[in-house]
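In what follows, a structure is listed as structure tokens, so that the remarks can point back to it.
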Amino acid sequence: SYEHLFSPITLRNTTLKNRVMMGSMHVGLEGEDNGMEKLIAFYVRRAKENVGLIVTGGAAVSPEGSGGENFMSIAEEEDIERWTPLTKAVHDAGGKIALQLFHAGRYAYKSMNGTDPVAPSPIKSPINPDEPKEMNVHDVYRTIQTFADSAKRAKHAGFDAVEIMGSEGYLINQFISPVTNKRTDQWGGTFENRIHFPLAISRLVREYVGQHFPVIFRMSGLDLIKDSTTDEETLLLAQQLESSGIDLLNIGIGWHESKVPTISMKVPRNHFTDIAANIKDYVSIPVVASNRINQIEDAEKILAEGKADMISMARPFLADPEILTKAKERREDEINTCIACNQACLDHVFESKSASCIVNPEAGRELIFTIEKAEQKKNILVIGAGPAGLEAARVAALRGHHVTIADKRSHIGGQFNYSRIVPGKSEFNETIRYYKKQLEKLKVDTVCNTSINVDHPLVEEADEIITATGIIPREPDIPGLKENNVLTYQDVFEETASVTGTVAIIGGGGIACDLASFLYEKGHSEITLFQRSTTFGRGIGRTTRWATLLDLKKKGIHMVGGVTYKKITAKGLHISLDDQEEWIEADTIITASGQLPNPSLYHALSEKGKEVHMIGGASKALGLNAEVAIYDGTMIGRSI
Ligand code: SF4
């Protein structure tokens with residue numbers, strides 16, 4: 001019954017209705033046309049669904065501290081008026097909202113802010129080309145003041161609390177860590193001097209907001225940076241923050257430049273919870289656990305075991321704004337789970353696009369993606385139960401159509417069935433479970449083990465047909481490709497052929513990397529990826545590609561780029577590399593070198609005169625990924 005999760009918690013004069021906080025996320029809607037309206041719609045959608053406390057994206061306390069274009073700001077008096085409609089809308093929807101006070105420090109970009117980034121010491125971050133300017137003592141005092149002024153503005157704008165951003169390697173964290181703070185004045189050197197900055201901010205913020213207003217501090221529980229703050233110092237900092245007037249400690253993990261994944265799918269669920277639990281033992285104020293908590297049952301368990309007082313979930317609210325409502329109503333199997341892929345949220349932000357979610361394209365598009373009942377109820381046939389077809393079927397059924405979805409395989413999920421068996425990607429099971437439940441709930445007829453051709457009776461019965469027949473693997477043009485020792489990646493993932501001995505994979509993109517990892521897990525130790533280009537992992541998003549390649553290297557999987565293929569024989573692969581010809585002995589050669597669209601059924605149905613649409617890989621293979629496929633599905637489902 002989630003009794004711990006749904007028990008209220010009081011911070012100063014404010015009572016939150018439950019223990020779940022929607023963690024801060026930069027969604028980037030602010031900079032778009034109608035940005036404020038879109039942002040309000042985004043937060044209201046979630047406020048209506050039982051979130052205990054929403055924390056906004058980081059709002060810059062000063063122009064040089066901004067995270068970039070389209071980031072929120074609270075640096076000016078006129079920002080009070082700008083944010084008031086947001087707080088009012090969230091309150092009207094029954095929610096509570098805190099503003100996050102943010103300063104990027106050396107993570108800020110000169111090109112975006114027009115000013116040099118500033119930091120405790122002039123040490124460049126490995127993920128930013130701009131060297132920061134060292135803050136002088138006047139800058140330090142001025143910045144502390146900007147946090148306090150901003151907190152006061154947030155209170156006037158109607159926010160229910162503020163969260164001081166002191167983790168993830170941003171300015172405050174840069175002052176705390178000996179790696180980034182090399183100052184010799186009272187703001188650097190000893191640990192006491194390094195924490196002087198966060199404590200001065202916390203005290204002045206408290207003074208400016210008064211005794212009744214909750215102040216949250218997001219502190220780093222673990223920097224994951226060599227020679228940074230020690231565990232002991234972290235515990236001392238937590239105690240000092242409590243004494244400086246902080247009401248709630250939200251525990252962050254890792255810096256943006258950490259070489260250890262902290263929120264990707266590869267990180268086991270709830271992996272960092274004990275860090276928060278440890279801090280909780282040292283303070284008497286409540287503590288929030290975060291990072292890779294995506295299951296409501298796990299959240300309840302963490303609270304029940306006393307490891308934390310609140311749970312912060314961020315991306316799970318992109319994937320499903322109704323996660324808490326569904327939990328409350330015991331409809332957990334209907335939850336659209338965040339699979340921690342980062343593909344449409346963080347990767348978008350790094351590309352300066354607004355955030356959405358691969359499994360929920362409605363996220364960030366709340367104003368336009370409403371479900372309207374169809375004017376005329378039709379019989380819709382969806383051919384192909386991969387991600388594109390499943391989403392099309394779901395949305396068409398929600399709009400009142402009678403929908404049948406057919407697939408030649410024995411199960412739904414399409415290529416997600418490959419992903420889900422790759423080590424570290426089992427979260428894809430959740431998306432398949434979600435769609436299975438949705439089809440059931442929406443009474444979509446699901447017909448598996450059925451190949452549809454133009455003469456199939458289902459085609460006759462359909463008013464409109466959506467072909468979502470997916471892709472076909474591209475066959476590279478190499479003599480000898482028809483040798484018995486050559487398989488496609490589909491053969492391997494579907495286990496329709498056996499892989500033996502030394503393995504050569506032709507291809508180095510996302511699928512080839514997944515394949516290598518899958519085979520390694522199956523016990524194959526001699527695996528090499530070959531490709532023409534020298535960049536491996538193409539197509540994998542920026543936030544996860546580095547970890548994928550690092551993982552393959554750790555597993556001893558070789559990657560050879562810049563290769564020209566000559567021929568394949570029963571003994572292996574003949575290549576040329578740096579103008580030298582080489583024989584690569586391989587017992588099994590697997591092609592994973594791209595995909596081609598599969599539009600043949602669409603054309604045949606069109607010729608027959610049927611009203612037919614084509615989505616996902618059936619229409620385009622280039623640039624196709626799960627995000628594009630599901631987006632296509634949602635669009636067609638909304639338009640028919
Ligand atoms: Fe989660 Fe992926 Fe959606 Fe981001 S895009 S919210 S990581 S499912």
Side-chain angles (χ1 to χ4, degrees), residues 20-29 42-43 45-46 49 51 54-55 57 168 253-254 256 261-272 290-296 298-299 311-324 326 334-366 369 387-388 390-391 394 413 415-416 419-420 422 424-435 438 510 514 539-548 624-634:
V20 183
M21 162 195 281
M22 174 173 139
S24 173
M25 285 180 284
H26 168 68
V27 282
L29 292 168
F42 171 80
Y43 284 124
R45 175 82 177 88
R46 281 132 187 106
E49 302 292 347
V51 187
I54 291 171
V55 183
E168 265 80 10
I253 304 289
H256 288 305
T262 53
I263 57 166
S264 83
M265 205 185 284
K266 288 188 190 309
V267 179
R269 289 175 180 172
N270 317 315
H271 188 60
F272 296 107
S290 67
N291 284 59
R292 281 295 278 130
I293 304 171
N294 67 344
Q295 300 292 303
I296 217 76
D298 292 345
I311 303 293
S312 171
M313 291 183 174
R315 297 170 299 168
F317 285 101
L318 287 179
D320 197 337
E322 296 170 22
I323 179 169
L324 289 172
K326 289 176 182 174
E334 290 179 34
I335 292 173
N336 195 1
T337 303
C338 163
I339 59 173
C341 63
N342 291 342
Q343 226 173 299
C345 50
L346 274 181
D347 286 341
H348 273 207
V349 169
F350 277 109
E351 292 162 19
S352 296
K353 294 198 283 190
S354 57
S356 184
C357 172
I358 69 160
V359 299
N360 176 28
E362 185 202 294
R365 301 185 180 102
E366 286 73 13
F369 275 15
L390 288 169
E391 176 67 4
R394 182 187 76 87
Q415 295 229 22
F416 275 10
S419 306
R420 72 185 180 86
V422 171
K425 290 196 162 186
S426 58
E427 292 285 7
F428 278 96
N429 282 312
E430 298 293 343
T431 310
I432 297 174
R433 184 262 309 142
Y434 163 77
Y435 276 116
Q438 292 299 319
D514 276 356
I540 306 177
R542 174 170 161 179
T543 57
T544 43
R545 183 173 160 266
W546 64 273
T548 302
L624 179 80
N625 55 34
E627 181 188 356
V628 176
I630 293 180
Y631 183 80
D632 268 15
T634 237

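Note that ligands are numbered from 1 as they come in the structure, with each ligand's atoms numbered from 1 the same way. Positions are given from 1 along the sequence.
A donor-acceptor contact under 3.5 angstrom links the side chains of T337 and R433, judged on distance only. Between the side chains of T544 and N342, not a single donor N or O lies within less than 3.5 Å of an accepting N or O. Using a 3.5 Å distance cut-off with no hydrogens or angles, the side chains of E430 and N294 do not pair a donor with an acceptor. At a cut-off of 3.5 Å, with distance as the only test, no side-chain donor of Y631 or E391 sits close to an acceptor on the other residue.
Regarding atom 3 (Fe) of ligand 1, its nearest protein heavy-atom neighbour is C357 SG, 2.4 Å. Among all protein heavy atoms, the one lying closest to atom 2 (Fe) of ligand 1 is C341 SG, 2.3 Å. Distance from atom 7 (S) of ligand 1 to its nearest protein heavy atom, with residue and atom name: N342 N, 3.0 Å.
Salt-bridge annotation for E322 and R45: present, with a side-chain N of the basic residue lying under 4.0 Å from a carboxylate O of the acidic one.
Ligand-side atoms of ligand 1 in range of L318: 6 (S), range being under 4.0 angstrom from any heavy atom. Heavy-atom contacts of A344 reach the following atoms of ligand 1: 5 (S) (cutoff under 4.0 Å). Proximity to A340 (heavy-atom distance under 4.0 Å) selects the following atoms of ligand 1: 1 (Fe), 7 (S). Residue I358 approaches ligand 1 through these ligand atoms, each under 4.0 Å from one of its heavy atoms: 3 (Fe), 5 (S).
The nearest N, O or S atom of C345 is closer to atom 4 (Fe) of ligand 1 than 2.8 Å. At a cut-off of 2.8 Å, C338 is counted among the residues with an N, O or S atom near atom 1 (Fe) of ligand 1.
No side-chain heavy atom of N360 sits under 4.5 Å from any side-chain heavy atom of D320. When side chains are defined from C-beta on, M313 does not count as touching M22, because their heavy atoms never get closer than 4.5 Å.
Within the 4.0 Å heavy-atom criterion, both parts of I339, backbone and side chain, lie near ligand 1.
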